[in-house]
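These notes are about the structure you will find just below.
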Amino acid sequence: MIRRLWRHRAGRAGLALAAAVVLLALLGPLAWPYQPDLPDYARQLTPPDARHWLGTDAAGRDQLARVLAGTGTSLTAVAAVFALTALIGLVVGAVAGFLGGPVDAVVGRTIDVLLGLPPQITALAIVGALGVGTGNLVVALVLAGWAYPARIARAAVLGSHRRLDVLAARLAGIGRWRILTGHVLPGAVTTVLVAATTTAGETVLTLAGLSFLGLGAQPPAAELGQLLADSQSSLVSSPWLLIGPTAVIAAMVAAAMLTADALADITDPAPAPARAGRRARAARTGGDGALVATGLSVRYPDGTHALRGVDLTLAAGTALAVVGESGCGKTTLARTVLRLLPAGTAIGGAVHVAGRDLLHLDRRALRRSRGYLVGYVAQDPYAACDPLRSLGHHVAAPWRVHRRRPPAGVVRDRIAGLGIDPGRLRDRPHRWSGGMVQRATIAAATAHRPAVTVADEPTSALDAGLAEEVLATLRGASSALLLVTHDLRLAAAHSDRVAVMYAGRIIETGRSGDVLDAPRHPYTAALLAATPRPDGTPVRGLPGSPPSLRDLPAGCPFAPRCDRRVADCASREPTLSDGVACWNPR
Ligand SMILES: Nc1ncnc2c1ncn2[C@@H]1O[C@H](COP(=O)(O)OP(=O)(O)OP(=O)(O)O)[C@@H](O)[C@H]1O
């Protein structure tokens, strides 16, 4: 985090200022020869000179020595308030949000009440009750200030018990508190830290303000607000006394604000799309494969080995259809490329999109890449649309989620380009046909011209005529298309290459025409024989059913259903060689 802050311009300035103030507080008193509380009545209110750089106060004490001591006191108090408010806020807010029910109701109302009062007034009332002194001031500021980070933590955690990863953890038998501390709290920590940092500048000012009123450190101890109050009485005759405390308070506030700004920036999930966009453009212009998967293996938490060493390359400007029976791993392959697999899934191998190692992108980089490296067209277009939003809203969504505005007229052009009347921009989804909705989702998925568009059964909710139209649209709008389908006829018509999957592996691959006109693997041939043809050739259903991917037997997984099996098939699983994985190909 510190390294990332240092790379940010405002963060670097904030850290440098904070380090300077800390060094001043730690080393200053050691290096400066004067005592902060030693009066010298012979040298009252002397202006700055070579001995007393900031002059002396009304008791003849060296003002720089007092500023250095006061910086230490103020800094310690601010650090204590920061740490305690963040910690209490995180714990109270997160526990309330996680538990919900009456605990949450009570904490929520308390937070509302506290946030409804100005923190300075609350602190003033508390310190009035506790008595003056720096320690009591810290307690008062913590009691007045924990509500803001608590609200942020509560919001981050609220409803997490319905999150899929939390449900999965509960189903795995993990206790509630371990889920809270291990799964839920870590996600809220950064948000709370950012919130606490944004209020640190205000804490410096409130502390100085209350000390100025005489509620903080008591003489002869020094504190920045109290030094300001002391200098006030001789403001006209000795204005130099203001310089030291004012400069340090300003530096502390600036350090807090700059650091908070930078923290908010570096933890903001909003993407900076330019880099991903450049990569995607590079992929569109050819060169390496737009998508290259090597040795891809996926094992779900329940032990289902859904992908078992998948290698594939999707070249820029082409379409690859992934076909196979239900349960062979097509969707898992698509979800791996989208990085949408459930928590706890073990993934092996590599996926590179436009040269980027997709499986090792951190969460922020992954969000940035969404829509730029990989676009997604879902199976059910209505489920992918918000029923309360207009067509235009959906097509503009890819810009909005990346905090950008669509260039003028581009939404209208996209819609017109996809064969939809732009006059219907304000229509809600219930007024659109299935084909129109799917075309709108295609417009959204391809808005940033991603290097790869993944479409998982994009036409299964449409009738045959519309399916053809929509696929042609999809093909035209995509730079490189990974099309998951069980429909061999559509695969043949709308892809350059095809990969046939069975039991988590690619068992035949090649140019679509070659593979689908003259299949070499008995499984591909059986799939084709089970596909209805326009010429009325009788359909032959596939014998048997696919094996369970939780405990595959030895040998070729298709062998029990295969009419060309040989002795080797029972003992050894064939690997892909010359485009086919079979011991006895046609
Ligand atoms: N979240 C999951 N947890 C455990 N197993 C899963 C999960 N999702 C899919 N599977 C299993 O992984 C295997 C591959 O499923 P996948 O959905 O990838 O196949 P598919 O070819 O896309 O099938 P379909 O066309 O029916 O979606 C199946 O055995 C499926 O039951």
Side-chain angles (χ1 to χ4, degrees), residues 162-174 183 291 293 295-312 314 320-349 351 359 374 376-381 383-384 453-462 467 471 481-491 494-495 498-509 515 521 523-524 526-528 530-531 541-542 544-553 557-558 560-561 573 581:
R162 287 194 298 270
R163 256 170 36 193
L164 284 182
D165 58 323
V166 171
L167 284 177
R170 285 185 66 184
L171 291 173
I174 301 175
H183 294 247
L291 168 71
L296 203 56
S297 150
V298 170
R299 193 185 285 272
Y300 285 111
D302 68 354
T304 304
H305 204 170
L307 294 185
R308 302 180 304 120
V310 168
D311 294 316
L312 64 82
L314 168 60
L320 171 74
V322 180
V323 300
E325 275 172 300
S326 186
C328 66
K330 306 184 297 290
T331 296
T332 303
L333 177 61
R335 288 199 176 155
T336 311
V337 174
L338 294 160
R339 283 271 306 266
L340 285 180
L341 291 170
T345 304
I347 309 172
V351 178
L359 299 185
V374 185
Y376 176 54
V377 179
Q379 180 170 1
D380 180 352
T453 306
V454 174
D456 188 358
E457 304 279 8
T459 55
S460 58
L462 308 177
L471 273 180
L481 175 65
L482 184 72
L483 173 66
V484 169
T485 179
H486 64 274
D487 190 327
L488 297 187
R489 205 178 35 80
L490 286 179
H494 296 281
S495 68
V498 66
V500 184
M501 288 192 71
Y502 189 77
R505 281 202 162 166
I506 293 177
I507 50 94
E508 183 163 10
T509 186
V515 172
H521 198 290
Y523 175 63
T524 316
L527 267 185
L528 280 163
T531 306
L542 256 91
S545 51
S548 158
L549 297 182
R550 289 180 75 166
D551 41 28
L552 272 175
F558 186 61
R561 307 168 75 186
E573 184 167 5

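Keep in mind it's a predicted model, so treat the numbers as computed, not measured. In each ligand, atom 1 is the first atom listed, and ligand 1 is the first ligand listed.
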Which segment of [X] sits under 4.0 Å of ligand 1 when only heavy atoms are counted:
| X | answer |
| --- | --- |
| His486 | neither |
| Asp302 | side chain |
| Pro342 | side chain |

Are any of the side-chain heavy atoms of Leu490 and Thr459 separated by less than 4.5 Å?
yes
Problem - Pairwise side-chain contact, Asp456 with Val377, heavy-atom cut-off 4.5 Å (strictly under) - result: no
Identify the protein heavy atom lying closest to [atom], giving its residue, its atom name and the separation to 0.1 Å.
| atom | answer |
| --- | --- |
| atom 5 (N) of ligand 1 | Tyr300 CD1, 3.3 Å |
| atom 24 (P) of ligand 1 | Ser326 OG, 3.6 Å |
| atom 23 (O) of ligand 1 | Gly327 N, 2.7 Å |
| atom 27 (O) of ligand 1 | Thr331 OG1, 3.3 Å |

Determine the sole option in Val298, Leu312, Val351, Val454 for which the side chain to side chain contact (heavy atoms under 4.5 Å, CB included) test with Leu333 is passed.
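So the option named by the test is Leu312.
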Can a donor-acceptor pair be found between the side chains of Arg550 and Tyr300 at a distance below 3.5 Å? no
Verify whether one side chain among Thr485 and Asp487 offers a donor that lies under 3.5 Å from an acceptor in the other. no
Just jot down the ligand 1 atoms closer than 4.0 angstrom to any heavy atom of Glu325, in number order.
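Ligand 1 atoms under the 4.0 Å threshold to Glu325: 21 (O).
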The atoms of ligand 1 lying under 4.0 Å from a heavy atom of Lys330, numbered in the order shown, are 18 (O), 19 (O), 20 (P), 21 (O), 22 (O), 25 (O)
Exercise: identify the closest heavy-atom pair between [X] and [Y]:
| X | Y | value |
| --- | --- | --- |
| Tyr502 | Glu325 | CE1-OE1, 3.6 Å |
| Ser495 | Leu320 | CB-C, 4.3 Å |
| Pro458 | Val484 | CD-O, 3.9 Å |
| Leu482 | Leu314 | N-CD2, 3.9 Å |

Heavy-atom proximity to atom 29 (O) of ligand 1 ranks first, among Val484, Val298, Thr304, for Thr304
Is it the case that ligand 1 has an N or O less than 3.5 angstrom from some N or O of Gly329?
yes
(message) Checking the N or O distance criterion of under 3.5 Å, is ligand 1 in contact with Thr332?
(response)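 Yes, at least one N or O pair falls under 3.5 Å.
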*Measuring to protein heavy atoms, does anything land under 4.0 Å from atom 31 (O) of ligand 1?*
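Protein heavy atoms within 4.0 Å of atom 31 (O) of ligand 1 - there are none.
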